[in-house]
Amino acid sequence: MRLTRAFLPTLKETPAEAQIVSHRLMLRAGLIRQTSAGIYAWLPAGLRVLRKVEQIVREEQDRAGAQEVLMPTIQPADLWQKSGRYDDYGKEMLRIKDRHEREMLFGPTNEEMITDIFRSYATSYRDLPRNLYHIQWKFRDEVRPRFGVMRGREFLMKDAYSFDLTKEGSEHSYRQMFLAYLRTFQRMGLKAVPMRADTGPIGGKLSHEFIILADTGESTVFYDSKFEGLDWGGTEVGNDDVPALKAFFEEVTAMYAATEEMHDEAAWSGVDAASRREGKGIEVGHIFHFGTKYSEPMGLSVAGPDGVAVAPQMGSYGIGVSRLVAALIEANHDENGIKWPDAVAPWKLSILNLKVGDAACDALCEKLHAAMPDDAIYDDRPDRAGVKFADADLMGFPWQAIIGPRGAAAGKVELKRRMTGEREEMSFEEALAKLTA
RNA sequence: CGGGGCGUAGCACAGCCUGGUAGUGCGCCUGCUUUGGGAGCAGGAGGUCGGAGGUUCGAAUCCUCUCGCCCCGACCA
């Protein structure tokens with residue numbers, strides 16, 4: 001993509017409404033545009049990041065055996081009247097009426113709807129277990145939306161729902177998601193720590209929040225430093241290997257991790273002093289086991305092996321996909337802008353032509369651009385070098401190929417790594433090999 | 001939902017107290033010079049001052065109502 005043709009508006013100054021760094025950078029780098037309080041339009045660069053985050057989430061859900069569906073944003077009120085939450089949910093639920101005066105709502109979550117859908121088809125214990133998820137826009141009419149997409153009213157969420165015959169089965173489903181979440185966040189280059197959590201209004205007993213560590217995070221967290229070195233991606237635990245997954249889960253949850261609210265000084269003092277860590281974090285995921293809280297009132301039951309009807313055990317598993325985009329920036333930035341991890345960068349590379357019009361520069365840039373048409377932004381604007389450096393740093397492309405008259409004459413490309421600031425001059429071929437490795 | 005603040009050009013702001021017909025910087029357009037970390041000079045475009053009503057000869061400015069947005073606190077992916 002040529003910058004002279006792209007819709008990638010950057011701002012030199014920070015819009016007044018933005019308070020936190022991710023919001024400021026998202027506005028300055030042209031990722032999002034506010035349309036009203038807590039509601040944002042996603043511009044090309046922001047949308048590409050959102051899609052990449054979404055895709056990683058999707059792949060790890062699939063890997064864990066969950067199956068994707070897509071439920072609507074608008075739901076009928078009667079589903080919620082059945083579960084009893086229509087009244088409980090309060091003003092946070094956006095209620096609307098259609099032209100026939102039917103009561104509808106913009107879904108804040110989907111327990112009712114998925115239970116209703118599943119109920120229509122599941123009749124036997126042989127239909128269990130199942131785990132269904134979707135990635136869909138939600139709306140919660142927050143009293144005070146703030147921090148950009150970190151706490152918007154409209155947000156993109158992945159929510160999965162598991163159905164099991166027994167409590168033991170449901171706990172296994174829970175652990176599958178637990179591992180999937182650790183893998184998901186790690187793939188994005190984030191350090192995530194699972195913390196035992198309050199179950200809140202959704203109900204149930206078993207619940208964990210996933211907090212990613214970022215110095216600018218809102219919540220204070222206490223955790224064992226062992227979390228920092230763990231590699232979940234390499235954890236080979238089969239989805240259906242119940243004892244192995246249980247052992248894994250118990251090993252991880254045995255390590256101390258708690259948010260301020262759940263912090264236990266007695267247990268904390270039992271952790272080796274040298275590995276006690278206190279930091280800031282952002283909640284990006286939350287998983288719950290809640291038994292028959294929805295299956296019973298919604299009338300979901302299947303015939304058990306003995307022919308007796310059983311209400312399935314359920315769990316729900318959320319990841320704030322749009323919030324993750326902001327969280328990624330909170331965890332990866334400096335004074336010049338965003339430093340996208342490779343896995344989620346909108347484009348892998350920015351090609352900086354420092355002297356548009358110079359035959360050698362133009363030729364080398366075009367050649368590189370042609371080699372990576374989908375992964376590169378070619379800054380072919382007739383602007384000064386400083387402008388291009390500033391914008392490339394702001395937008396946070398993992399690699400910058402800096403091509404100026406001096407190097408270009410010798411066929412040399414200077415590669416800069418945004419994350420570390422390292423720069424190195426090399427031949428075109430070497431550069432291309434590095435970039436496509 | 002309680003408390004506070006702000007709406008003036010694409011962005012950041014001044015002007016308002018003390019009414020006299022709108023300004024600065026950045027950005028944008030044209031030209032010349034410049035050219036490895038947000039250039040210089042010259043010329044130019046762009047705003048019914050959030051909206052409605054009122055006071056007044058005259059309202060960005062004073063009054064009333066209204067809409068929107070932001071911040072602090074209680075709640076949440």
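Below, read A as the first sequence line, B as the second, and so on, with proteins coming before strands; counting in each chain starts at 1. Heavy atoms only: backbone and side chains are in, while hydrogens, waters and symmetry mates are out.
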Shortest side-chain distance from [X], nucleotide among [options]:
X: Glu142(A); options: rA77(B), rA12(B), rA74(B); value: rA77(B)
X: Pro15(A); options: rA77(B), rC11(B), rC69(B); value: rC11(B)
X: Ala16(A); options: rA77(B), rA74(B), rC13(B); value: rC13(B)
X: Ala390(A); options: rC70(B), rG38(B), rC76(B); value: rG38(B)
X: Ala37(A); options: rG38(B), rC71(B), rC69(B); value: rC69(B)
X: Phe155(A); options: rC75(B), rA77(B), rG36(B); value: rA77(B)
X: Val387(A); options: rU35(B), rG38(B), rA77(B); value: rG38(B)

Is there a Watson-Crick or G-U wobble partner for [N] with both distances under 3.5 Å, and which nucleotide is it?
N: rU55(B); result: none
N: rC32(B); result: rG40(B)
N: rC1(B); result: rG73(B)
N: rG7(B); result: rC67(B)
N: rC49(B); result: none
N: rA60(B); result: none

(request) With RNA chain B as reference, determine whether Val284(A) or Arg406(A) sits nearer its 5' end, using the nearest nucleotide of each. (result) Arg406(A)
(request) Report the residue (Gly318(A) or Thr10(A)) whose heavy-atom-nearest nucleotide on RNA chain B is the more 5′ of the two. (result) Thr10(A)
Touch class at under 4.0 angstrom, heavy-atom based, for [X] against every strand present:
X: Asp159(A); result: nothing
X: Ala385(A); result: sugar-phosphate
X: Lys91(A); result: sugar-phosphate
X: Ile402(A); result: base
X: Gly404(A); result: base
X: Leu354(A); result: base
X: Gln34(A); result: sugar-phosphate
X: Gly152(A); result: base

In whole angstrom, give the distance that lies between atom [atom1] of [X] and atom [atom2] of [N].
X: Arg151(A); N: rC72(B); atom1: CZ; atom2: P; value: 10 Å
X: Glu17(A); N: rC13(B); atom1: CD; atom2: P; value: 10 Å
X: Arg153(A); N: rC69(B); atom1: CZ; atom2: C1'; value: 11 Å
X: Arg24(A); N: rC70(B); atom1: CZ; atom2: P; value: 15 Å
X: Tyr181(A); N: rA77(B); atom1: OH; atom2: P; value: 11 Å

Heavy-atom donor-acceptor pair, [X] side-chain to [N] base, under 3.5 Å:
X: Asp393(A); N: rG37(B); result: yes
X: Arg144(A); N: rC76(B); result: no
X: Arg140(A); N: rC76(B); result: no
X: Arg28(A); N: rG38(B); result: yes

(message) Ring centroids only, cut at 6.0 angstrom: are Phe249(A) and His172(A) within range, meaning strictly under it?
(response) no
(message) Tell me if the centroids of the rings in Phe288(A) and Tyr174(A) come within less than 6.0 Å of each other.
(response) no
Measure the shortest side-chain to side-chain distance between [X] and [Y] over non-hydrogen atoms and say whether it is less than 4.5 angstrom.
X: Asn110(A); Y: Gln136(A); value: no
X: Val57(A); Y: Met188(A); value: yes
X: His208(A); Y: Thr253(A); value: yes
X: Lys167(A); Y: His289(A); value: yes

(request) Answer yes or no on whether Arg95(A) is positioned over the face of Tyr86(A), meaning its NZ or CZ is under 6.0 Å from the six-membered ring centre and within 45° of the axis. (result) yes
(request) Check whether NZ of the Lys or CZ of the Arg Arg418(A) lies under 6.0 Å from the centre of the six-membered ring of Trp399(A) and within 45 degrees of that ring's axis. (result) no
(message) So if I apply the side-chain hydrogen bond (donor to acceptor under 3.5 Å, both in side chains) rule between Tyr294(A) and each of Arg119(A), Glu111(A), Arg85(A), which one comes out positive?
(response) Arg85(A)
(message) My understanding is that only one of Gln400(A), Arg406(A), Arg423(A) makes a side-chain hydrogen bond (donor to acceptor under 3.5 Å, both in side chains) with Glu414(A); could you say which?
(response) Arg423(A)
(message) When you measure from the side-chain N and O atoms of Arg384(A) to the phosphate of rA39(B), is any distance below 4.0 Å, counting only OP1 and OP2?
(response) yes
(request) Go through residues 50-69 of chain A and report each residue with a non-hydrogen atom lying under 4.0 Å from RNA chain B, sorted by number. (result) none
(request) Report yes or no: do Lys280(A) and Ser219(A) form a side-chain donor-acceptor pair below 3.5 Å? (result) no
(request) Assign a letter to each nucleotide of nucleotides 23-33 of chain B from its 5' end: B, base within under 4.0 Å of a protein heavy atom; S, sugar-phosphate only; -, no contact. (result) --BSS------
(message) Check this for me: does any side-chain nitrogen of one of Arg48(A) and Asp374(A) sit under 4.0 Å from a carboxylate oxygen of the other?
(response) no
